[in-house]
Enquirer: 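Provided herewith is a single structure, encoded as C-alpha cells, for subsequent inquiry.
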Amino acid sequence: MTEKYTMPDVKGHFGPYGGMFVAETLMPPIQELNAAYQRYLKDPEFIAELDADLQHYVGRPSPLYYAERWSRELGGAQIYLKREDLNHTGSHKINNTVGQALLAKRMGKTRIIAETGAGQHGVATATVAARLGLECVVYMGAVDVARQSLNVYRMKLLGATVVAVESGSKTLKDALNEALRDWVTNVDNTFYIIGTVAGPHPYPAMVRDFQAIIGRETKQQCQDMIGKLPDALVACVGGGSNAIGLFYPFIDDESVRLIGVEAAGDGVASGRHSAPLCAGRPGVLHGNRTYLMADDDGEIIETHSISAGLDYPGVGPEHAWLKDTGRAEYVNITDNEALEGFYALTRMEGIIPALESAHAMAYTMKLAPTMRKDETIVINLSGRGDKDMQTMAKREGIEL
Amino acid sequence: MSRLAATFEQLAKSGRKALIPFITTGDPTPDFTLPLMHEMVKAGVDIIELGVPFSDPMADGPVIQRASERALAHKMSLRKTLAIAAEFRKTDQQTPIVLMGYLNPIEAMGYEGFANAAQRADIDGVLTVDLPPEEGEQCAALLKERGIDTIFLLAPNSTNDRIKKMAAVGSGYLYYVSLKGVTGAGHLDAADVENKLKQIKAITKMPVSVGFGVKDAETAKTIAALGDGVVVGSALISKIENNLDSPEQAKSEIIALLSAMRQAIDK
Ligand SMILES: Cc1ncc(COP(=O)(O)O)c(C=O)c1O
C-alpha cells in the first residue's frame with residue numbers, strides 16, 4: 001500500500017494546481033470561509049445536522065441500482081448506477097448546497113448567491129435558500145437561460161432572483177464571473193455557494209467533501225451487493241463535482257479505475273468542445289490553477305456542449321492533479337455519442353438521464369464490452385433528464 | 001532607483017500627487033492607444049496603467065468589461081500590449097508604465113518568459129488582479145531581479161496582517177481599492193478612504209494610490225488629498241464608449257477630463 005492520499009495541502013494546492021487566485025477583496029471572505037469549514041467539518045453537531053438533512057430532506061442514501069438488462073445487452077462488465085437522479089431536486093448538486101447552506105447559516109450570512117449552467121445547481125441552491133428563508137440570487141448565462149427554461153421557472157417559483165448574464169459567451173463561465181463580481185460587492189452579508197469543485201480554496205476541497213457521500217455510500221453498497229470493490233467508476237466531468245464525489249473515497253483503492261468523461265461537443269478535433277483535461281493546458285481561472293481551454297495568448301476559448309452543465313472551459317484542480325499523476329483517466333464523448341447514451345438508458349432501463357450524465361452512459365457503452373462479465377462498473381447517474389425534455393424534443397422536431 | 005520610486009519621490013518633494021490614468025490597451029482599436037499615451041503625458045499624468053485585455057475580467061464592471069471585449073475583437077494581447085509599451089518608451093523615457101491585468105495571459109507566456117519580455121519593453125510595474133502575495137512570490141521575485149515593481153491591491157477589508165504582507169512582497173506603490181465592488185462602481189466614501197489610508201500608512205511608507213469609483217475632478221481632488229496618487233479608469237473609458245464612431249472626439253474628451261483632474265488636484 002502506498003501512502004494515504006491527503007490532498008490538498010493547507011494552502012489548497014493539489015501539486016501545482018488549485019490555490020487562491022483571487023482579487024484582494026475576496027481574500028478575507030475566503031479565509032473566513034476556510035476557517036469556518038475547517039471548524040465545522042470536525043464539529044459533531046454540524047455533522048449530525050448535515051447527516052439528518054441528507055437523510056430526510058435529500059432522501060439519502062441514494063440506491064445503487066443493478067442495470068441487469070443493459071449489462072446483458074452490452075455483453076461485458078456488470079453495470080451499476082448510483083442513483084443521484086433520485087435525490088430531491090433531481091441531481092447530485094443538492095448534496096453540496098445542503099452542506100454549504102448549513103455553513104452559511106452558522107456564519108450568520110443572510111444572502112446566498114450562486115452560478116448555474118444547467119440550472120440544477122441553481123435549483124438546488126434556491127431550494128435550500130427557500131428552506132432557510134435566505135435571499136437568493138442565481139447568475140445564469142443568457143444562452144443557458146434559453147436552453148434550460150424549465151429550471152429557470154423552478155428557481156423563480158422557489159423565490160430566487162435569476163439574473164441572465166449577457167457578457168462573454170453567455171454560459172457557465174460568465175455566470176461565475178458575474179457571481180464573483182456580486183460577491184466582491186456584497187462580501188459582508190453574502191455567502192457564495194459554488195456548485196462544483198472549482199473556485200479558490202477551500203471550495204474545491206469543501207465541495208468534494210460534501211459530495212464524497214456519493215462514493216462512501218457506493219463503497220458500502222458494493223460491499224453489500226457484490227461483496228467486493230467495483231473495477232471501474234465512470235462519471236461525467238463538467239467542473240467535476242459528481243465525479244470527485246464518487247472517486248474520492250476510492251483514491252487509495254488502486255485496483256479501482258477512475259474514469260472521468262468530458263464533453264467533446266462536435267469532437268475534440270473540431271475545437272468545438274468542453275474537454276480541458278483531454279485537450280486543454282494549465283492556466284489560472286476563477287481562483288485556481290487547473291487545465292483550461294485557452295489560446296496561446298491565455299484568453300479563454302468558448303466552449304461547446306449539448307449539455308449546459310458540462311459547458312465550462314475549466315475543471316476542478318483535483319482532477320488536474322489526478323490526471324497528471326495518472327490515478328484517474330479522462331476520456332471524452334461527443335454530443336452525438338451522448339445522445340446514444342441518453343436513448344440507451346431510457347429504452348433499456350426506463351431511466352431518463354440528464355444530458356450531462358448521458359456522457360458517462362455513452363462511455364460505458366464503449367467500456368463495458370471490453371471488460372469481463374465478472375467485472376463491475378459503477379456509473380454516477382448524476383441527474384435526471386426532465387430538465388432536458390425541451391432540448392430533446394426540439395432536436396426531434398417536436399413542439400412541446 | 002526604479003522609475004516608479006523616482007516619480008513618487010519627485011512628486012513628494014514638490015508636494016504634488018500622482019495622477020494615474022488606466023486605459024485598456026487596444027480599445028477601441030489597436031492604433032488608438034500609443035498616441036493617446038503621449039497626449040495623456042502632455043495633459044500632466046504621472047504614471048500610465050495599461051490594461052491588458054482578458055476574456056474573463058472578474059474584478060471589472062461593465063465599462064471595462066466592454067473595453068476588453070472591443071480590444072479582444074481586434075486580437076489585442078499581452079504580447080501586443082508589451083509591443084505598444086516598447087514603442088512608447090522610444091520617445092518617452094520618463095513616464096512609468098504599469099501593466100494591469102489578470103494572471104492567465106502571464107501563465108500562458110510563462111513567468112520567466114513574461115519577466116524577460118516586460119524587461120525588454122522597459123515596463124516599470126506589474127499589477128495582476130488575481131495574483132495575491134500568497135501565490136505571487138515567484139513571479140514577484142522574477143520581476144524584481146529585472147528591476148520591475150510588483151504592485152498589489154489593498155481593499156477596505158484588508159487586515160493589518162495582509163497590509164504587512166503586501167508591503168513586504170510588493171514595491172513601487174500600493175493600490176488601494178476604495179470600495180468593495182468592481183471597477184466603475186457607485187460612489188466611494190471619502191471618510192472611509194481616509195480612515196483606511198491612516199491604517200495603511202501606519203504600517204508602510206510605500207506610496208499609496210487610490211482607485212475605483214473616481215469619476216470627476218472633484219472626487220479626484222478629494223481622494224488625491226488623502227493618499228499619494230489617484231487612479232482613474234472607467235470614467236476615461238466611458239468617453240471611448242460614448243464616441244465609438246469618433247475616436248478623435250473620445251481622445252479630446254479624455255484629455256479634457258484628465259486636464260481638469262490635474263488642475264483640481266494641484267490647486
Ligand atoms: C446532472 C448534472 N450532472 C453533472 C453536472 C456537471 O457538474 P459536475 O462536473 O460538477 O458534476 C451538472 C451540472 O450542472 C448536472 O446538472
Side-chain angles (χ1 to χ4, degrees), chain A residues 10-13 16 18-32 165-169 172-190 199-201 281-290 292-302 313-314, chain B residues 52-62 65-66 68-69 71-72 75-81 101-110 114 127-136 152-159 161-163 165-166 174-177 179-183 185-186 212:
Chain A
V10 287
K11 288 169 117 183
H13 291 137
M20 294 175 144
F21 294 88
V22 294
E24 176 57 19
T25 316
L26 291 183
M27 277 314 274
I30 63 177
Q31 287 173 335
E32 181 194 351
V165 178
E166 298 283 352
S167 58
S169 58
L172 182 53
K173 82 171 172 73
D174 310 284
L176 232 150
N177 290 338
E178 210 53 41
L180 286 168
R181 292 183 188 117
D182 179 313
W183 201 22
V184 298
T185 309
N186 301 293
V187 287
D188 294 335
N189 69 346
T190 297
H201 180 63
R281 60 174 93 193
V284 169
L285 180 70
H286 294 150
N288 68 87
R289 184 179 289 114
T290 187
L292 297 175
M293 295 191 37
D295 65 16
D296 291 340
D297 290 323
E299 306 295 345
I300 305 305
I301 301 172
E302 285 197 15
Chain B
V52 182
F54 182 50
S55 51
D56 295 81
M58 290 149 283
D60 285 299
Q65 286 175 44
R66 289 191 293 261
S68 265
E69 285 179 15
L72 288 173
K75 301 258 176 291
M76 187 43 63
S77 64
L78 175 55
R79 265 171 242 278
K80 290 179 187 166
T81 302
Y102 295 82
L103 184 56
N104 203 49
I106 296 175
E107 290 259 325
M109 223 185 225
F114 167 68
L127 194 171
T128 311
V129 175
D130 52 351
L131 187 59
E134 281 79 359
E135 304 282 357
F152 286 103
L153 296 173
L154 286 172
N157 52 353
S158 298
T159 57
D161 274 354
R162 295 200 60 73
I163 298 169
K165 196 171 240 162
M166 313 288 176
L174 291 165
Y175 184 140
Y176 178 61
V177 175
L179 45 80
K180 291 175 194 153
V182 292
T183 52
F212 279 42

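Here is the naming used below: chain letters follow the sequence lines, and residue numbers restart at 1 for every chain.
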Enquirer: Quick check on the interface: out of Leu26(A), Asp188(A), Leu292(A), who has the most heavy-atom pairs with chain B under 4.5 Å?
Expert: Asp188(A)
Enquirer: Name the region of Leu153(B), side chain, backbone, both or neither, that has any atom closer than 4.5 Å to a heavy atom of chain A.
Expert: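 Both backbone and side chain.
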Enquirer: Has Asp295(A) got more than 12 heavy atoms of other residues, nucleotides or ligands less than 6.0 Å from its CG?
Expert: yes
Enquirer: Based on non-hydrogen pairs under 4.5 Å, which of Glu24(A), Lys11(A), His13(A) is most in contact with chain B?
Expert: Glu24(A)
Enquirer: Any idea which heavy atoms bring Leu131(B) and Phe21(A) closest together, and the distance?
Expert: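 Answer, listing the atom of Leu131(B) first, then Phe21(A): CD1-CE2, 3.8 Å.
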Enquirer: With chain B as the partner, which of Ile301(A), Asp297(A), Asn186(A) has the greatest number of non-hydrogen pairs under 4.5 Å?
Expert: Asp297(A)
Enquirer: Are the side chains of Asp296(A) and Ser77(B) in touch, meaning some heavy atoms are under 4.5 Å apart?
Expert: no
Enquirer: Out of Glu178(A), His286(A), Arg281(A), which one racks up the most heavy-atom pairs below 4.5 Å with chain B?
Expert: His286(A)
Enquirer: Does this structure show an ion pair linking Glu135(B) with Arg289(A), if we count only N-O contacts that are shorter than 4.0 Å?
Expert: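 Result for this pair is no, no salt bridge flagged.
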Enquirer: Shortest non-hydrogen contact from Gly298(A) to Phe54(B)?
Expert: O-CE1, 3.3 Å
Enquirer: So do Asp56(B) and Asp174(A) actually touch side chain to side chain, heavy atoms under 4.5 Å?
Expert: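 The answer is yes, as the side chains (C-beta and beyond) meet within the 4.5 Å cut-off.
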Enquirer: Which bit of Pro57(B) is near chain A, if near means a heavy-atom gap under 4.5 Å: side chain, backbone, both or neither?
Expert: both
Enquirer: Let me know if Leu72(B) has heavy atoms under 4.5 Å from chain A in its side chain, its backbone, both or neither.
Expert: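 For Leu72(B), the contact with chain A is made by the side chain alone.
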Enquirer: Which answer fits Glu134(B), side chain, backbone, both or neither, if we ask what part of it has an atom under 4.5 Å from a heavy atom of chain A?
Expert: both
Enquirer: Non-hydrogen atoms of chain A under 4.5 Å away: do they reach the side chain of Arg162(B), the backbone, both or neither?
Expert: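 The side chain, not the backbone.
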Enquirer: Side chain, backbone, both or neither: which part of Ser158(B) has a non-hydrogen atom closer than 4.5 Å to chain A?
Expert: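 Both the backbone and the side chain of Ser158(B) come within 4.5 Å of chain A.
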